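Being a predicted model, the structure only gives us computed values, none of them experimental. So you know, we letter chains A, B, ... as the sequences are listed, proteins then strands, and number each from 1.
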Number of protein chains: 2
Amino acid sequence: MKRSFFHPLKEKKSKINYNMCMRILIIEDDLKMRLMLKDALEAFHTVDVASSLTEGIELVESYTYDALLLDRNLSGADEGMKIIPKLKKLQPTCAVIIASAYGGVEERIAGLSAGADDYLEKPYDLRELKMRLDALIRRYTPDVISMESLHIDMKNETLNAHGELILLSKKEHDLFFFLASKPDKVFSREDIANAIYEDPSSMTSNTIDVVISNIRKKLPVNPIETLKGRGYAFKNV
Amino acid sequence: MKRSFFHPLKEKKSKINYNMCMRILIIEDDLKMRLMLKDALEAFHTVDVASSLTEGIELVESYTYDALLLDRNLSGADEGMKIIPKLKKLQPTCAVIIASAYGGVEERIAGLSAGADDYLEKPYDLRELKMRLDALIRRYTPDVISMESLHIDMKNETLNAHGELILLSKKEHDLFFFLASKPDKVFSREDIANAIYEDPSSMTSNTIDVVISNIRKKLPVNPIETLKGRGYAFKNV
DNA sequence: GTGCAGGATGAAAAAATCATGAAAAGGAGT
DNA sequence: ACTCCTTTTCATGATTTTTTCATCCTGCAC
């Protein structure tokens, strides 16, 4: 990397979009609608779909979701609502949006008191759905990830252990918060290089390994898991 | 491999194309076109061809297809469309692409409302066809496969049993998700070798058997069925 | 039952991948 | 130029994975 002159104003900002790649569950019995929603949201998030309540419950029991979009009119009655308490108990940080053809105040109140976070009247604009989803996900996204003796403040991007700030160098910082922004996701070294280096192709050695090694040395626990042959993943230990 | 020092950056990308080995039916009355398409797609998929509608219907009644490429101009009229409802009834998860010389909006709408999933204007680029095929096949492929005590997330490529992630080594991972990408399809050891090895010809022992054995040891159920003399298949148990 | 073929599996050997200390290279401040 | 810190490179030893091989099982024909 050769920048021939010093240019202090343009601090290289690490441009990581922390609000993407959430995991969303859509429960909707109409096939067309389901595909349409999935298609639309898939550009930003990981989308699972379920066509029935039982299917949805099964998924909720095995995966952690950031948001649930629930069709109120499942199998005619208000069956859909029943999943909400169950979900909230299993996953208190999952945002719930109810979509329904009935738009009355009564309905809205019923939905919200069942535990939903928002209520959307059909037909709705896709952009509005996206906006509300993002807002709710933001609300629920924890600012702080805590594990024994290590506290990660995702908003301020700081690390704290035993009351002391842990200082990372810039590369260490970028790499760490890149991984931490999406717990459990496996990032290949190439993914990481693309995320935190301007010219990933110029990498010719095991730099990333070394950076990881140095991060680990500075932390009281090791939240970075190695997946041999595949890459690294942040693990909430 | 003689590398004087460790240079890990280019993780050998397990470039498994999970959308391979699908079964595709082409109904097209022009011989040249038919052969050309078959040739082009056969590198990735199993391709059946039919030169007429009746022939096509016959095939649809005896085989399960992942996709149908339909020439709209069969025997002059819009005869082609008639097969779509029949197919969708028999095989709701089969993707349908219509190819036509007429490219107007009217035509496109007519095609889609007849039940097609996509509409391609002739002449089209082969790569575009391949892309759209892949996209449609992906849409119809479920993201999550659940069986008692084992949940497979095809999107994030993770395995989950009793709330715990199951970690597979790279080869185990590649092999498992290759099989799981197409439930019930029997893959020969050669198919598997071609999919997950860079140099399949160098295989001289029962490596694949061993990998399968090791995968099975890690799972709480056995979703991999052995077909004596034929190969292995992923089974949704 | 016996024999056979194809498959499963434990264990050892071979190979690939990773962690890390140390040194070199790069940059900013003084 | 010197110092302090960060970043990258490289060699090495450690660990895990992958492959091989020998042996054991299992279903099936006889």
Side-chain angles (χ1 to χ4, degrees), chain A residues 1-12 14 166-176 179 186-190 192-193 196-219 222-233, chain B residues 1-14 166-176 178-179 186-190 192-193 195-219 222-233 235:
Chain A
M1 185 180 309
K2 38 118 100 299
R3 280 182 317 186
S4 51
F5 60 93
F6 177 48
H7 186 178
L9 275 186
K10 295 250 142 94
E11 221 119 49
K12 259 175 289 172
S14 20
I166 296 178
L167 295 179
L168 299 180
S169 75
K170 174 156 171 32
K171 275 267 136 31
E172 289 162 4
H173 176 98
D174 287 356
L175 178 25
F176 182 85
L179 290 183
V186 180
F187 292 101
S188 71
R189 288 177 174 73
E190 197 183 336
I192 295 173
I196 68 175
Y197 283 90
E198 286 202 343
D199 180 9
S201 64
S202 73
M203 310 276 311
T204 76
S205 77
N206 64 337
T207 315
I208 289 172
D209 299 40
V210 176
V211 175
I212 298 248
S213 174
N214 289 330
I215 293 173
R216 282 169 173 161
K217 268 185 266 187
K218 291 188 181 180
L219 304 183
N222 174 22
I224 300 176
E225 185 171 1
T226 305
L227 290 107
K228 281 209 168 204
R230 302 218 285 138
Y232 296 98
Chain B
M1 189 174 294
K2 31 83 211 290
R3 281 180 320 200
S4 53
F5 62 91
F6 176 45
H7 181 178
L9 178 56
K10 292 285 166 199
E11 229 125 42
K12 249 178 287 167
K13 59 194 111 195
S14 45
I166 295 178
L167 294 179
L168 300 181
S169 78
K170 182 171 159 62
K171 276 265 134 47
E172 288 162 7
H173 176 273
D174 289 355
L175 176 27
F176 181 86
F178 174 66
L179 290 183
V186 181
F187 292 101
S188 71
R189 287 178 176 71
E190 196 186 337
I192 296 172
I196 68 174
Y197 283 89
E198 289 203 340
D199 178 11
S201 64
S202 72
M203 310 277 310
T204 76
S205 75
N206 64 335
T207 314
I208 289 173
D209 300 38
V210 176
V211 175
I212 298 250
S213 171
N214 290 330
I215 294 172
R216 283 169 173 161
K217 268 185 266 187
K218 291 189 182 180
L219 304 183
N222 174 23
I224 301 176
E225 187 174 357
T226 306
L227 288 300
K228 278 207 166 201
R230 302 214 285 137
Y232 296 98
K235 266 290 219 185

- Query: Does A/Thr207 put a side-chain nitrogen or oxygen below 4.0 Å from OP1 or OP2 of D/dT8?
  - Reply: no

- Rounding to a whole Å, what distance do you find between B/Glu198:CD and D/dT18:C1'? 14 Å

- Write down the distance between NZ (B/Lys218) and P (C/dT9), rounded to a whole number of angstrom. 15 Å

- Message: Can you see if the side chain of B/Ser213 gets near the phosphate of C/dA8 - specifically, an N or O under 4.0 Å from OP1 or OP2?
- Response: no

- Option passing side chain to side chain contact (heavy atoms under 4.5 Å, CB included) with B/Val211 (candidates B/Ile192, B/Ile196, B/Leu175, B/Asn206): B/Leu175

- Which part of the nucleic acid does A/Lys228 contact within heavy-atom distance under 4.0 Å: base, sugar-phosphate only, or nothing? base

- Query: Of the candidate nucleotides C/dA8, D/dT19, D/dT20, which contains the atom at the shortest distance from the side chain of B/Tyr197?
  - Reply: D/dT19

- Between C/dG7 and B/Arg189, is there an OP1 or OP2 to side-chain N/O distance shorter than 4.0 Å? yes

- Message: Ignoring hydrogens and geometry beyond distance, is the side chain of B/Asn206 in donor-acceptor contact with the base of C/dT9 at under 3.5 Å?
- Response: yes

- Message: Under 4.0 Å, heavy atoms only, any strand: does B/Asn214 hit a base, just the sugar-phosphate, or nothing?
- Response: nothing

- Message: Without decimals, in angstroms, what is the distance between A/Glu225 CD and D/dT16 C1'?
- Response: 14 Å

- Side-chain atoms of B/Lys171 come closest, of D/dT18, D/dT7, C/dT9, to D/dT18

- Query: Do the side chains of B/Thr207 and B/Lys171 get nearer than 4.5 Å, heavy atoms only?
  - Reply: no

- Task: Kindly say if A/Lys217 contacts the phosphate of C/dG21, meaning a side-chain N or O under 4.0 Å from OP1 or OP2.
- Result: yes

- CD-CG distance between B/Glu225 and B/Leu179, expressed to the nearest 0.5 angstrom: 11.5 Å

- Query: Please give, in whole Å, the distance from C/dA15 P to B/Met203 CE?
  - Reply: 15 Å

- Has A/Thr204 got a side-chain N or O lying under 4.0 Å from the OP1 or OP2 atom of D/dT8? no

- Query: Is any side-chain nitrogen or oxygen of B/Thr226 closer than 4.0 Å to OP1 or OP2 of C/dA8?
  - Reply: yes

- Compare all side-chain heavy atoms of A/Lys218 with those of A/Ile215 and state whether any distance is below 4.5 angstrom. no

- Looking across every strand, which nucleic acid part, if any, lies under 4.0 Å from B/Ser169 by heavy atom: base, sugar-phosphate, or nothing? sugar-phosphate

- Taking NE2 from A/His173 and P from D/dT6, how many angstroms apart are they, rounded to a whole number? 14 Å

- Using atom CD1 of A/Ile208 as one end and atom C1' of D/dT7 as the other, report the distance to the nearest whole Å. 13 Å

- Message: Whole angstroms only, please: what is the CD1-P distance between A/Ile212 and C/dT17?
- Response: 17 Å

- Just how far, in rounded Å, is P of D/dT6 from CD1 of A/Ile215? 13 Å

- Less than 4.5 Å apart, any side-chain heavy atom of B/Phe176 and any of B/Leu219? yes

- Message: When you measure from the side-chain N and O atoms of A/Tyr232 to the phosphate of C/dA19, is any distance below 4.0 Å, counting only OP1 and OP2?
- Response: yes

- Could you tell me whether B/Val210 contacts a base, only the sugar-phosphate backbone, or nothing, with contacts defined as non-hydrogen atoms closer than 4.0 Å? base

- Message: Please report the interatomic distance CD(A/Glu190) to CD1(A/Ile208), rounded to the nearest 0.5 Å.
- Response: 9.5 Å

